[in-house]
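Small disclaimer: the values here were computed from a predicted structure and weren't measured.
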Amino acid sequence: MPKKRSGGGLSPLQQATKFLGVSVLAGAVMAGIALPAAGALGLAAKGSVQGFDDIPDNLKSPQLSQRTTILDSKGNQIASVYSRDRTVVELKDVSPYMQKAIVAIEDSRFYQHGAIDLKGVLRALNKNAQSGGVSQGASTLTQQLVKNYFVEEAGDDPTKVAEATQQTLGRKVRELKYAIQIEEKLGKKKILENYLNITFFGEQAYGVEAASERYFSKHAKDLNLQQSALLAGIVQSPTRYDPINDEAEAKKRRNTVLARMAEVGDISAAEARAAEKTDLGLKVSQPKNGCITAVKGASFFCKYVEKVFLGDPVFGKTKEARAKIWNQGGLTIRTTLDPQAQASVQASLKDHIYKSDSVAAAATLVEPGTGKILGMGQSKPYGYGKNETEYNYSVNADMGGSNFGFPTGSTFKPFVAAAALEQGLPATQQYPAPYSMDYPSPVSTCSGKNWVNTDGATVENESESEKGPYALKEAMAKSVNTYFVQMISDIGLCPVVNMTSKLGVVQGNGDKIPEVPAIALGSKGLSPLTMASAYATFANEGTYCTPVAIESITQKVGNAQKSLAVPKSTCSRAMSKKTADTINTVLRGVVDSGTGREAGLTDRESAGKTGTTDSRKNAWFVGYTPNLAGAVWVGSAKQNIEMTTIRIGGVWHDQVYGADTPGPIWKDAMTGALEGKQVENFQLVNIPDPVKDKDKNNDGGKNNDNGGDDNGGVTTDGTTTGTTDGGTTPDPTFSLPDGFIQGTSNGGDNGNGNGGNRG
């Protein structure tokens, strides 16, 4: 049995013999180039080596994986993501010291030999025989470049990496032939440039530019002599010579490089000695990879952008094709994120809710007419520690959302109203809207099979004194449950689900809205992005635009840039302009004098709706101006916190309402996002109040009316604020409590509903 060293592996004699075999193979290859007959000798013996002449001649330089930079709409960097941290640079952007150092230590005869250095082979063989080991290799920079090509092509596939680095004669033959091709095709300068860009320098840094930034926080063109020598020395063994983890070993290796540079005449002996006396001079920059490092609280938006890229066929027909492009990187992605809007979202969330609170908040801002996502944030930061999360509460599950969205409460009611108006119901439509009633049955559906209340499920308003008749404007302002349930019974379920489909409204798990009357009360889970985009349709005169996050992408291929196609927002009419104007008028009343007064903007027109769900597990405010729409959700991602007797953002709440928690977040986020932006107005419509004249005695609204004015007293608990001027000016000392109405469940068919907030 062959003798082995005590530590295992081949004996010095065996190692020398193996090295001799490779060296002889190199000579045989060279002979094969000059003498074709010699090229056929023994290279495919026993099938262990592919015949030299049979190796394909079409080696192509791989597209090097590089870092991808994600920018906001103004060109500011949000984050850098990469599978391999690399920035490809031209040779002119690499310090001359660095160029000389890498050649001196890795292949000092680089400019004198061809693809294979036979003199180097013999020299290495001699030194290895003298040392009793393999102390010096004979691969040229060109051969190393070829091996790195194969490793780069292997990517993160461990099997392919093993094949690319296995110590076999077959791989050596292939490597040698391709090295000859590259020498003929590229020339020395380009080979050196490619080598410096592809090789691994440790600490997640691929290529000299990334390495220079990692260890010295400077560009490769600015490296001095000793810094260049340090980086050149790392290449042989990035782990062993890692200057961060073993400064002494790294310094020893650096000085070896300096001595070699002096030996080959790149620097003087005096320069080498002076450089050897210096310390390493590290100025380490920590790797900043991935969306977790995003600035301005944009980590969740950054992950959304990644999800869009990996999921949209515009970037590749298959999931694998898209992933390959993403991992190759070299992309510059300009997104729709507006820095002013994003900063405002994050500031508002920070002001109103703490990351340590038992509940969370998420907010998303969308531009009507373009679908551009301008802001996206949440109170719990992106991460994996305490009070952090990797789930994006603003989006659906397939885009990184936490579950299936969150029940929306009364913020769903405008969709019902829009469907009814499109069916021809007038804005003055009245319903009895009693305090309590059974869900109407039967109710027509799209399938033609009526929904039937088989379990006797009921729905109620806030208090026994809250009963109709009501017309749309007042019913929306007061969030009257029974009104909207009767409206669905009147028009049927099909117009409502058709309207939600046109508005891009699907459940958080991607399923369509079910055809059950309880949807009127917001019983199904939706995401803030879905809600903001849908409400933006009202602001955009009835035209819905799909949300988009990416404006443009360029990809660096070699030294060239190419543009990639990106998804575009698709806009389509969801309702007539008249319907949208009517909803704008109705929802403006909600923030002027209804449940959303605390959220109303003071410097421009706004409209919106509050929503609170069963047991106060969710609270919402969704609203908009003519040029910006936003949705804010507050609650528990696990839906296990009832927001009663709770402290949020340092403020105590006996009960949380959409108006007093999500509302102020929305108001501050919108105010900051719109600061300095053009003030635009809605085109409102006149909606007569068919019941406002029922109180002829100017009794201050005690008979459950509006005090004789459209925007007068607002009912709560069966009473109304009224004033001597007919109710046009609400009493400033009067405050509106909020509330919710809970329906009953019918095996998941009727579901639980929530009448929304009222304060």
Side-chain angles (χ1 to χ4, degrees), residues 61-90 93 151-157 197-201 203-214 219-220 285-316 318-337 339 342 372-373 376 382 390 392 395 399-400 548-567:
S61 301
Q63 183 176 328
L64 300 185
S65 58
Q66 302 183 65
R67 71 177 66 168
T68 284
T69 303
I70 301 177
L71 310 174
D72 64 25
S73 63
K74 305 300 183 183
N76 306 305
Q77 181 170 319
I78 296 172
S80 177
V81 299
Y82 49 81
S83 58
R84 293 181 178 176
D85 186 11
R86 178 189 283 117
T87 300
V88 175
V89 293
E90 296 182 38
D93 292 320
V151 172
E152 184 72 20
E153 284 290 336
D156 296 323
D157 187 323
N197 279 308
I198 200 172
T199 198
F200 180 52
F201 288 86
E203 293 291 333
Q204 302 180 40
Y206 288 81
V208 66
E209 178 71 9
S212 182
E213 292 176 354
R214 179 76 74 253
H219 294 298
S285 295
Q286 293 300 320
K288 292 185 177 181
N289 180 23
C291 292
I292 195 170
T293 66
V295 300
K296 301 175 184 176
S299 293
F300 296 103
F301 177 78
C302 174
K303 289 298 291 185
Y304 180 80
V305 169
E306 179 181 337
K307 291 281 188 180
V308 169
F309 191 100
L310 294 175
D312 198 306
V314 75
F315 298 113
T318 66
K319 179 181 178 181
E320 291 74 20
R322 297 188 292 270
K324 182 178 181 180
I325 296 174
W326 181 263
N327 290 330
Q328 284 176 341
L331 307 172
T332 299
I333 304 176
R334 185 181 287 265
T335 71
T336 61
L337 196 74
Q342 180 65 16
K372 292 179 180 180
I373 302 171
M376 178 182 287
Y382 186 92
E390 62 182 307
N392 186 348
V395 301
M399 300 302 287
V548 290
I550 300 173
E551 290 192 344
S552 66
I553 299 181
T554 58
Q555 184 176 31
K556 189 175 183 181
V557 181
N559 294 322
Q561 295 276 357
K562 72 173 183 178
S563 296
L564 301 185
V566 299

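Looking at heavy atoms from C-beta onward, Asn197 lies in side-chain contact with Val89 at the 4.5 angstrom threshold. Put simply, the side chain of Asp85 does not reach to within 4.5 Å of the side chain of Glu213, judged on heavy atoms. Using a 4.5 Å heavy-atom threshold, the side chains of Thr554 and Leu564 count as separate. Put simply, the side chain of Val308 reaches to within 4.5 Å of the side chain of Met399, judged on heavy atoms. A 4.5 Å side-chain heavy-atom check between Phe300 and Val395 finds every atom pair outside the cut-off.
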(request) Apply side chain to side chain contact (heavy atoms under 4.5 Å, CB included) to Val81 and Trp326, showing your working. (result) CA-CA 9 Å; Val81 299; Trp326 181 263; 3.6 Å; yes
(message) If you apply the rule side chain to side chain contact (heavy atoms under 4.5 Å, CB included), what do you find for Thr87 with Arg67, and how did you get there?
(response) CA-CA 6 Å; Thr87 300; Arg67 71 177 66 168; 3.3 Å; yes
(message) Working note: Lys303 + Glu390, criterion salt bridge (charged side-chain N to carboxylate O under 4.0 Å, His left out); need CA distance, chi angles, decisive distance, verdict.
(response) CA-CA 9 Å; Lys303 289 298 291 185; Glu390 62 182 307; over 6 Å; no
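Between Ala298 and Leu337, the shortest heavy-atom distance links the atoms CB-CD2, 3.8 Å. Closest approach of Arg334 and Lys74 over heavy atoms only: NH1-C, 3.4 Å.
Thr336 places no side-chain N or O within donor-acceptor distance of the main-chain N or O of Lys372, the cut-off being under 3.5 Å. Gln66 places a side-chain N or O within donor-acceptor distance of the main-chain N or O of Val88, the cut-off being under 3.5 Å. Although no hydrogens or angles enter the test, the distance criterion places a donor-acceptor pair under 3.5 Å between the side chain of Ser299 and the main chain of Cys291. Of the possible polar contacts, none joining the Ser212 side chain to the Glu209 backbone as a donor-acceptor pair under 3.5 Å is found. Of the possible donor and acceptor atoms, one in the side chain of Arg86 sits under 3.5 Å from a partner among the backbone N and O of Ile198. Thr335 places a side-chain N or O within donor-acceptor distance of the main-chain N or O of Leu71, the cut-off being under 3.5 Å.
Using cut-offs of 30° and 60° on the angle between ring planes, the pair Phe309 and Phe315 is parallel.
Separation of atoms NZ (Lys562) and CD1 (Ile553) is listed at 11.5 Å; rounding is to 0.5 Å.
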